[in-house]
Structure formats: C-alpha cells, structure tokens
Amino acid sequence: RKEFVDLYLNYVFNESIRKPFEDFMQGFLRGCPARRWKMFLPAELQIVLQGHTKLDWCLLEKNVVYVRYKRFDSTITFFWHVFHKLPEEKKKMFLAFLSGSDRIHVFGVEYFKFTIEDPQAENPDELYPSASTCSLILFLPR
C-alpha cells in the first residue's frame with residue numbers, strides 16, 4: 001500500500017503536470033532569466049513577485065494626498081478612525097478595493113501613495129465610496 005500511495009502521489013504532483021510546468025518554466029525564464037533571480041533569497045524573491053504582506057497602516061495614512069479635502073476635515077478624521085479599528089483582514093480588503101491587490105509593491109508602503117478625493121456630489125448621501133484602481137484614487141463622499 002505504501003508503495004502504491006507513493007507512486008500515486010508522485011504521479012499526481014509530479015508526472016501529471018510535468019509538461020505544463022515545463023512549458024510555463026520555459027516562458028517564465030524567457031522573460032525573467034534565472035541568472036537574475038539567483039541573487040535573491042527565497043523570502044526576498046517572494047516579496048519581489050508578490051509584494052509585502054505586513055503593512056504599517058499609520059505610514060499608509062501619512063502618505064495620502066487629499067483632493068478637495070483637508071487632512072483634518074471631519075469626513076477624513078472619521079474615515080481614519082474607523083479604518084484603524086478594522087481587523088487586519090478588513091484593512092487588506094480595503095487595500096484590494098483601492099488598488100486591486102491586498103499587497104503593497106516591492107518598494108514598500110513608504111512609497112505607496114494614494115489619493116482620497118471628494119467627488120462633489122449634489123447629494124453625497126446617495127453616493128457610495130468608489131475607487132479608481134489604476135490611479136489609486138478613493139472617491140469618498142462627504
């Protein structure tokens with residue numbers, strides 16, 4: 001039985017995907033030559049490819065640019081008050097809503113800047129917050 005299980009696992013996790021993985025690896029290495037990746041430790045390479053997972057949310061707040069708002073407007077103050085009370089998972093969901101990813105690029109949160117803008121709606125109570133993920137703009141009605 002042990003030999004059967006070992007052979008079966010080898011087939012499922014290695015043999016059955018060998019050709020698709022080789023095709024993927026060939027394409028990947030064509031765009032990203034292996035010699036460039038050898039300078040990274042595994043943890044560093046993961047950050048380069050996936051981004052940072054641990055974030056300094058206070059630093060993120062300091063990097064925001066405000067359009068038609070001031071830093072101490074009541075809407076902004078309430079927004080950050082509520083944001084900082086959210087659990088980590090919800091903060092990452094906000095980041096995904098804003099940017100399309102729940103991670104910050106390799107340069108780190110100190111270089112991640114986004115904008116909070118007042119959409120100047122006639123009736124802001126009828127408007128939900130929205131985001132432009134390409135421009136990193138959060139449209140936050142008053």
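Just so it is clear, the model here is predicted, and its values are computed rather than measured.
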Seminar exercise, completed: Taken in chain and number order and not counting sequence neighbours, the residues that satisfy side-chain contact (heavy atoms from CB on, under 4.5 Å) with Val67 are Thr115, Glu117
Seminar exercise, completed: Rounded to the nearest 0.5 Å, the CD1 atom of Ile104 sits from the OH atom of Tyr111 at a distance of 14.0 Å
Seminar exercise, completed: side-chain contact (heavy atoms from CB on, under 4.5 Å) filter on Cys58, not counting sequence neighbours, yields Asp56, His84
Exercise. What heavy-atom pair brings Ser16 and Pro20 nearest, and what distance separates the two atoms?
Worked result: O-CD, 4.4 Å
Problem set entry | Residues in side-chain hydrogen bond (donor to acceptor under 3.5 Å, both in side chains) contact with Asn10, at least two apart in sequence or another chain | Asn14
For this session: Hey, could you give me each pair passing ring pair (Phe, Tyr, Trp, His ring centres under 6.0 Å) that has a residue in residues 1-20? Not counting sequence neighbours.
Result: none
Problem set entry | side-chain hydrogen bond (donor to acceptor under 3.5 Å, both in side chains) partners of Glu15, counting only residues at least two apart | Arg18
Problem set entry | side-chain contact (heavy atoms from CB on, under 4.5 Å) against Pro141, all qualifying residues, sequence neighbours excluded | Pro119, Pro124, Leu127, Pro129
Exercise. Same hydrophobic cluster for Val65 and Phe83, using side-chain heavy-atom links shorter than 4.5 Å among ILVMFWY?
Worked result: no
Exercise. So if you build clusters from Ile, Leu, Val, Met, Phe, Trp, Tyr with side-chain heavy-atom gaps below 4.5 Å, do Leu45 and Met39 land together?
Worked result: yes
Problem set entry | Same apolar cluster (I L V M F W Y, side chains within < 4.5 Å links), Phe112/Ile137 | no
For this session: Could I get the full list of salt bridge (Lys or Arg N to Asp or Glu O under 4.0 Å) partners for Asp73, not counting sequence neighbours?
Result: Arg142
Exercise. Among the clusters formed by ILVMFWY side chains lying less than 4.5 Å apart, do Phe139 and Leu60 turn up in the same one?
Worked result: no
Exercise. Among all residues two or more places apart in sequence or in another chain, which pass the side-chain hydrogen bond (donor to acceptor under 3.5 Å, both in side chains) test with Lys2?
Worked result: Asp6
Using residues 85-101 as the side-chain source, report each donor-acceptor pair under 3.5 Å to any protein atom, sequence neighbours left out, with the distance given to one decimal.
unit_1	atom_1	unit_2	atom_2	d
Glu88	OE1	Trp57	NE1	3.1
Glu88	OE2	Trp57	NE1	3.2
Lys92	NZ	Thr53	O	2.8
Ser99	OG	Leu95	O	2.8
Ser99	OG	Ser101	N	3.3
Ser99	OG	Ser101	O	2.9
Ser101	OG	Arg103	N	3.1

Exercise. Has the side chain of Tyr69 got a donor or acceptor atom that lies under 3.5 Å from a matching backbone atom of Leu140?
Worked result: yes
For this session: Enter the distance from Phe114:CZ to Glu61:CD here, rounded to the nearest 0.5 Å.
Result: 9.0 Å
Seminar exercise, completed: Applied to residues 120-132, the salt bridge (charged side-chain N to carboxylate O under 4.0 Å, His left out) test, sequence neighbours excluded, yields none
Exercise. Who pairs with Ser74 by side-chain contact (heavy atoms from CB on, under 4.5 Å), at least two apart in sequence or on another chain?
Worked result: Phe78
For this session: Say whether Leu138 and Leu136 are linked into one hydrophobic cluster, either directly or through other cluster members, by side-chain heavy-atom distances under 4.5 angstrom.
Result: yes
Please tabulate, one pair per line, all N/O donor-acceptor pairs under 3.5 Å involving side-chain atoms of residues 22-34, not counting sequence neighbours.
unit_1	atom_1	unit_2	atom_2	d
Asp23	OD1	Lys19	NZ	2.8
Asp23	OD2	Lys19	NZ	3.3

